[in-house]
Amino acid sequence: MSLLRTVPAERRPIAALESVVGPERYTRLLAAAHALRPRLAGRTIWNVNSTAVGGGVAEMLQTLVGYGQDLGIVIRWVVISGDPAFFALTKGLHNALHGFAGSGPPAGPAEAAHYEQVLADNAAELVDLVRPGDMVLLHDPQTAGLAPWLRRAGAHVVWRCHIGADEHSAVTLAGWEFLRPYLTGLEGYVFSRRRYVPPWLPAAAVEVIPPSIDPFSAKNEDMSDGTVQAVLRRIGFLDGAVAPPPFVRRDGHRGEVVRRAAVVADRLPGPDEPMLLQVSRWDRLKDMGGVLHGFAAHVAPEADGYLALVGPSVATVADDPEGAAVYAECVRQWQDLPAAVRARVMLVTLPLDDVDENAAMVNALQRHAAVVAQKSLAEGFGLTVAEAMWKGRPVVGSAVGGIPDQIAAGTGVLVGDPADLAAFGAAVRDLLRDPAAREAMGAAAHEHIRAEFVGDQHLMRYARLFTRVGG
Ligand code: UDP
């Protein structure tokens, strides 16, 4: 049985970006791609990660791989497999790199041996695909152990880390020590923020590349108010039956939202009630429980509106073994709320069987929100923040990880201490009560994302990386 899965990322027309970023930025991008062409001739750029759906990395690969192809670059995406013990171990590592001890970073030779064995099995297939001279971008801790195999096969290896902690600590350093043997001596390293870089990596080999959003993906494409309402009715979030609403797939074909979400709620909200939304994986570091308690204690008593906590269906995300447990905790916390507050809180899980359809659901929910929360305790970058800002929504986010990189003055609200439920609640409450402030902040948010976090900027930074690596 094959362990590797090739993800078919469809070619996306790069020309479409010009309407968003303007002719100057667009021309600069084409020139950078043109300059790179001789260097990449005869080579494939491989992206390797551990999931095709769910989470920010999969989200970005879908679009960047597609745009890369349209720029004439041969670029492919493969996903590794592992057993539950492997993903439990890499989740511990993930938490450790974020500075959270949790189940702890993997320690001891048995765990290292298992990590290496799973990746050796994947590498055996990968080295049949990758040719000497090819470039390989390995994403996140799950794939770091592939690096030695690929280097021996003659590939140029870059490791990209999408996570990290604002400060190094004994916990993060222990996580980094686990990865160190696999990472030493690579040609390049990419981090979302400079502060995430472990102290022993050579600074000259590090590139800082923050993530980006794609304005034309099903997640972010424009959606009329009518379609937003229709999607929300169709998935069972609002009352009322409708025909399946349309969206554009990444291959350019039209799709329809047909599946339903699983909704835990005492009642469905009316279409005009203001919604506070957090969309996240069911991960403790996203603090869905904190949002629920902050809303119950500091928002519900003093402002209208309801809270929706939305995440992927927990059965489907293979590389996130904690998802089901965290979701179950949220359901218990919801059950324990006083009845009057419980009637204003909904838990929603979205099917992930069709990733474009799932994205269209998230799009509609973000557009329907009056205020978006990202109350993470730690955050690699937090693409959900840029997604909501692009849609003109005011975001109340914790000042952790990449969130302060995205929320500039006047474009959202940063809460300094992520554990401070009163401060979080006050920021949400003020916005829920003030539609004019929401509107002004949302407009500034949209412009800020256009300036800094659209895909052309991301591709330009990759172009700089590839002028350096590859021999
Ligand atoms: N997401 C999604 N469906 C869901 C929940 C999340 O498509 O049910 C997406 C979300 O829109 C965002 C990504 O998953 O694009 C999460 O990325 P982020 O950087 O916010 O966090 P990560 O999951 O990578 O920690």
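Predicted model only: the values in this text are computed from it and were never measured. Start at 1 and go down the list; that is how both ligands and their atoms are numbered.
Residue-environment remark: CZ (Arg5) stays at or below the threshold of 12 foreign heavy atoms within 6.0 Å.
Shortest contact from atom 15 (O) of ligand 1 to any protein heavy atom: Glu387 OE2, 2.4 Å. Of all protein heavy atoms, the one closest to atom 22 (P) of ligand 1 is Lys286 NZ, 3.5 Å. Nearest to atom 18 (P) of ligand 1 among the protein's heavy atoms is Leu383 N, 3.4 Å. Taking atom 16 (C) of ligand 1 as the reference point, the nearest protein heavy-atom neighbour is Gly56 N, 3.5 Å. At the shortest separation from atom 2 (C) of ligand 1 among protein heavy atoms lies Asn358 OD1, 3.5 Å. Nearest non-hydrogen protein atom to atom 8 (O) of ligand 1 is Pro312 N, 3.0 Å.
Using a 4.0 Å cut-off to heavy atoms of Lys219, the atoms of ligand 1 that qualify are 2 (C), 7 (O), 9 (C), 10 (C), 11 (O), 15 (O).
Between Arg195 and Glu167, at least one side-chain N (NZ, or NE/NH1/NH2) sits under 4.0 Å from a carboxylate O, which counts as a salt bridge. In summary, Arg461 and Glu207 do not engage in a salt bridge, as defined by a charged side-chain N under 4.0 Å from a carboxylate O. A salt bridge links Arg12 with Asp214: the distance from a Lys NZ or Arg NE/NH1/NH2 to an Asp or Glu carboxylate oxygen falls below 4.0 Å.
Where the criterion is an N or O separation shorter than 3.5 Å, residue side chain and backbone included, Leu350 fails it with respect to ligand 1. Checked by distance only, ligand 1 and Val310 stay at 3.5 Å or farther apart across all their nitrogen or oxygen atoms. The N/O atoms of Val279, backbone and side chain alike, include none that comes under 3.5 Å of an N/O atom in ligand 1.
Both the sub-6.0 Å distance and the 45° axial angle are satisfied by Arg342 relative to the ring of Trp334.
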